[in-house]
Amino acid sequence: MKSHLYAVLSCVACFLSACSVSAELTFYPKTFTPNTVMEARYLLKNIGSTVSGQERTVSTGGYVLYAFPTTAGALFKLSLTLSSDSTLPRIAVLDMHNKPLPFRLQTEPNGVQTLLCHIPPAWPFADRLRIRLGAKSGSFTIQQFALQENPICDPNSQLPIGVLHWLSATNNLQALTFPWKDRRTDLLWDTVGLPTPQTEPPTSAVQLPPTNLSATAISAWKSRDFAVFSYLPTNLDPLYFQQHPTSAQLGANGKPILLNNLSLLEPLASNLSALTPNLSLLASQPLSGISVQALPYLADAAFSSAFQTAWQQSYHAPWQPPTANIAARYHTSSLMAQLDADFHAALLQQLQSKTSPPQSLLMVPDPLTALLQNEIVPWWQILHKAPYDEIGTLPNLTTLLHPIWLAGDRRPDPFYNAYLIASWLQELTRGLRTTPRFSLLLPAADTPTLSQSEATDLMEQQTVAALLGASPQAVSLYPSISPIASMPNYQELLNILSALSIVGNYPASPNNLSPIGVLVGDGITYQGNTAGALDDLYALTLPILSQGIPCALVSLERCVDPGYLAPYKVLILTCDPQKPIGSATMDALANWVQAGGVLIVVGGSSAFNDIADAWWRQAGYKTPIAYLWQRLGLQVGDSAVVAPPQETTSLTSIATYPADNPRIVRTLNLTPYLSRDGSVVVRFTNSGNNPNRPALVHTIELRVGNKVVAAFLAGSEVESYFLVYNHGSDIVPTGRIAPPNTSWTYQFDHLPTNQPIELLVDCEGPLQIAAGPATPDYARGLLSASQEGDLTRFFPRFHPPYDCTITSYSLPSGAQRPAFQPLYLLRNGTSPIWMAHVNNGIVLQVGLSPRYFAANELSASLLRALLEVAAHHARLSLPQHSYLVRQYGPIYAIRTFNDSYTLPGRSLDLFSASLEVRQDRVIPPHTAALLLAVPPTNTPALLFSNGRLLAVSNASNRLGFLVAGPAGTQGLARVATTNRPLLGVKAIDLYGDPVPVQVLDSGDTLLLIYPNDPDGIAIRVHWK
């Protein structure tokens, strides 16, 4: 070996010195093969070598000379992969003056030859190190090069000193700023493997699955300056449940209930041992954090022997199945919540039993997902008993794409779902030591339910929703494919990640924070009718949000925390789909109202009010709301419920059309079906069973004799005056649509009985139309009882549909009477909608089923009108536009609804692949936008770059910045020039090697385009 190597005796001491000063970070090697453009950049001389394909053979007596850029003090490594029949080359390492330098050659276990050289401290930046490979005693064939350098780094920023000096063009590094080091938003990327130049995301943390967890993987990511998380799975291997059948959550059939095709562990502290092997694995690794996948209780999983035993111990009574009665349903859910919270408290205690416990992150289903999946998730109770360091939501594509319900229309709109989730998570944790971590799901373009444009739109809508609904300080990103660089929308995602890293440095503008909240508690999942609870949630929030009025989901249980309700002036509470889990919550709300808050109470009827041993019943009150009235000193009588009338089934079929029924206007004679009161009902039902062939009604026209007395588009606002029942039909732009087994019913009143009545129906598809006489229920009509501004002017009277329950009160007389103001009365003199003054605050009782406000545009407008009344008394001015805007420093998150929005001045589009700049940008209706305001400046400046912005140097005639991004992607930077003449743009990589930059001049800005490098590209821009 010695005969083939040029070496010096001092090399060992030199390398010990190199190891002591080398950087802590590991940089990626440059890998290339012979006979390529990259090799040509470094090949200085070729004597006696030939190439075949991508191999270079140096014949005996020949040599090749390469020159590689390097930096002072760096530990330079060059690895050579030689063919198996090669002799070792004779190597010489030379400086720019052809003077030899000490080096060492070591043979790796895989046979690769690695040359190591410590570059002298006085080495000029980017000067080239010459390496001569000679074939003195035999030929050799080079198959691959791998060039790697560990440069001397600045101890403050951990960035290469040589590059930083080049960046600033001075020896003074104090003028540099390090944006990524000072970032405030913690970005976590869910990944599966080791870091590579192509798959390394520009985030601050990664999460590895336990199956890919090893000291090598953790060390590799940490060496790249990432915090490393892994997660504790609670969905165990099916084999475990075969061996421990009593540990699974069981349904009524005695079999495990599946969630996403997996059995779930019963969340009892006694079952924690099932997770011990995984806990031990995680505890044995040097992780930065552990993410625990919360173990929800499925609402129907109450049949295991373990749960029955827990029931008996808790309630001191024989177990009852949840299907026995509503009390059993509620007690089952309450006990499940308690057991689940205790389980996660015990789990956190085990996590914290380590000497140096890592960051604990609890990943829970959000309320929307919990309702859709029929899960009991006691969010507040878990955090109360187990204060994890962070809490985040598990992203769910089904939840994000679940059709919202707004103004009678059910349609997918991921913005609303993402907004509600973000707002709920923000408010659940506000003021606690537990940090909220927001999740973004990044779907692939080949997701079966999404096109490429839909996948991109979903990414954009979630991003804007998180920024409008919360103030993110930590975000988790869950890509649905790997490697990440193959995502078709990855270039735009780089923009989003860079923007998110910026927003954490700025609090949201105070004037954009919501003073209006809808109270949501753990009990929203207790009552079993989960689909209805989600509709109630949509009904009380979306009519407000869709008009550009910020509205937050406020934790009902956290009302008891001192100061928690201080930011709010108006709160909306319904106890129909949920019950407060204790009287302390209602006490806190009463105190808030008496101090000046305005509380809107919606609904009032629920079968669950009648649970005999519920806390309100034990306190002597029929409902939780009755307890609240007493606590506020409001002496109202017992509520009376005007229940929906039974829908008649004795209708006569008057027309049936097959599945191939073409669109045509049909004329139907309704005269025989009129009642003596002049009322008739008409029901439309899908008569087929093909889900791909729905029934569709476009327009309705009602004629008396030859006179048109009513005409409307099905699904329109006018339709709401006649629609009395709806069983699963939906609104589409061209009318009302009914899939199989769904129907809807119209009722027409005040018709003359001595003239012919005809109904003209523009319809298509499988449709059965039935009609019959009706008796109108005029007692359900609400009549205005006061002059409350626009409320009674626009809604002097209205008639809720028959499927809406009305809760009405007899208001007091005498001394208490002046405190009450009835807004609407029923014909029996009771008031379902009234207002009461309580000390400095107001209570507004709205005794209508919450979901009524989602039924049509008329009911949505009524909710907004009632909110206007509440806002007036709260001295709160509501926006008069239909868009939401929130500002984080220079970044604006915008979602338009019915109105467009104009951002004055110049702005940069962060959803644009070219970072487009435009003056007075107009955002059209129903659009999500993420913009960066371009400030007026007299000095050239970097506006934005789509990667890890590692360092910036700004001078009067020069701008320098260092930015890192995944290999194989395009780096983009938008630079403001202030119209000064450009002298030039230069870019280098970590080694000092030139990098090509494309410069697109857009007047007073430049767009720089360059190949991304995960170690960083340094760019200098010079002006006159």
Side-chain angles (χ1 to χ4, degrees), residues 1-8 11-20 22-34 36 38-39 42 53-58 64 66 68 70 74-93 101-119 129 131-151 192-200 208 211-224 226 228 284-286 483 967 991 1014-1015:
M1 177 78 68
K2 289 183 181 179
S3 63
H4 299 290
L5 302 179
Y6 181 91
V8 279
C11 68
V12 174
C14 189
F15 278 100
L16 288 175
S17 172
C19 293
S20 66
S22 62
E24 293 181 7
L25 298 182
T26 300
F27 298 95
Y28 283 116
K30 281 186 177 181
T31 302
F32 56 96
T33 57
T36 59
M38 183 168 284
E39 189 213 28
Y42 305 127
Q54 291 189 330
E55 293 186 341
R56 181 176 295 278
T57 300
V58 182
V64 285
Y66 292 92
F68 300 102
T70 187
L75 179 59
F76 178 91
K77 301 178 184 178
L78 180 67
S79 297
L80 300 172
T81 302
L82 305 176
S83 64
S84 57
D85 58 349
S86 295
T87 60
L88 286 177
R90 182 174 182 178
I91 300 176
V93 178
L101 294 175
F103 69 93
R104 183 167 55 126
L105 189 69
Q106 61 188 31
T107 303
E108 308 296 343
N110 60 359
V112 171
Q113 303 296 316
T114 300
L115 179 154
L116 300 99
C117 177
H118 182 219
I119 307 304
L129 182 72
I131 297 179
R132 186 179 186 275
L133 305 175
K136 183 177 181 181
S137 58
S139 66
F140 59 89
T141 299
I142 304 171
Q143 297 176 328
Q144 189 181 72
F145 296 89
L147 173 64
Q148 187 173 16
E149 181 172 280
N150 283 357
V192 295
L194 293 170
T196 69
Q198 291 75 28
T199 62
E200 179 184 295
L208 299 172
T211 51
N212 286 28
L213 201 59
S214 66
T216 300
I218 296 172
S219 176
W221 281 105
K222 285 188 172 182
S223 72
R224 296 293 304 162
F226 284 86
V228 182
S284 66
Q285 301 292 346
Y991 302 88
D1015 288 325

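Heavy-atom basis, side chains included; hydrogens, waters and symmetry copies ignored.
With rounding to the nearest 0.5 angstrom, the CH2 atom of Trp221 is 8.0 Å from the CG atom of Leu194. To the nearest 0.5 Å, the span separating NZ on Lys77 from OG1 on Thr70 amounts to 12.5 Å. Note that the CD atom of Gln144 and the OG1 atom of Thr31 stand 5.5 Å from one another [nearest 0.5 Å]. How far CD1 of Ile218 is from CG of Asn212: 11.0 Å, rounded to the nearest 0.5 Å. To the nearest 0.5 Å, atom CD of residue Gln143 and atom OG1 of residue Thr57 are 9.0 Å apart.
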Would you please test Phe140 and Leu133 for side-chain contact (heavy atoms from CB on, under 4.5 Å) and show each step?
CA-CA 10 Å; Phe140 59 89; Leu133 305 175; 3.9 Å; yes
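Contact annotation: the side chain of Leu82 approaches that of Ile142 to within less than 4.5 Å [non-hydrogen atoms, C-beta and beyond]. Contact annotation: the side chain of Thr81 never approaches that of Ser79 to less than 4.5 Å [non-hydrogen atoms, C-beta and beyond]. Tyr66 is not listed as a side-chain neighbour of Leu129, based on a closest heavy-atom distance of 4.5 Å or more. Counting heavy atoms from C-beta on, the side chains of Phe103 and Ile131 never come closer than 4.5 Å. No side-chain heavy atom of Gln113 sits less than 4.5 Å from a side-chain heavy atom of Pro89.
With hydrogens and angles ignored, the 3.5 Å screen pairs a side-chain donor or acceptor of Gln148 with a backbone N or O of Phe27. Side chain of Arg224 to backbone of Pro1014: a donor-acceptor contact under 3.5 angstrom is found. Although no hydrogens or angles enter the test, the distance criterion places a donor-acceptor pair under 3.5 Å between the side chain of Thr87 and the main chain of Ser139. Side-chain atoms of Ser86 come within 3.5 Å of backbone atoms of Thr141 as a donor-acceptor pair (strictly under, hydrogens ignored). Panel note: side chain Lys30, backbone Met38; no donor-acceptor pair is recorded below 3.5 Å. At least one donor-acceptor pair under 3.5 Å links the side chain of Ser223 to the backbone N or O of Ala220. A donor-acceptor distance shorter than 3.5 angstrom exists from the side chain of Asp1015 to the backbone of Tyr28, with no hydrogens or angles considered.
The two atoms that bring Asn150 and Thr26 nearest to each other are OD1-CA, 4.5 Å, heavy atoms only. Glu108 approaches Thr114 most closely through the heavy-atom pair OE2-OG1, 2.8 Å. Between Ala215 and Gln285, the shortest heavy-atom distance links the atoms N-OE1, 3.5 Å. Heavy-atom minimum distance, Pro195 versus Glu200: CB-OE1, 4.4 Å. Taking all atoms of both residues into account, the shortest heavy-atom contact from Ile91 to Leu115 is CG2-CD1, 3.4 Å. Residues Ala135 and Val58 come closest through the heavy atom pair CB-O, 3.7 Å.
Taking the six-membered ring where the residue is Trp, the centroids of Phe32 and Phe145 are separated by under 6.0 Å.
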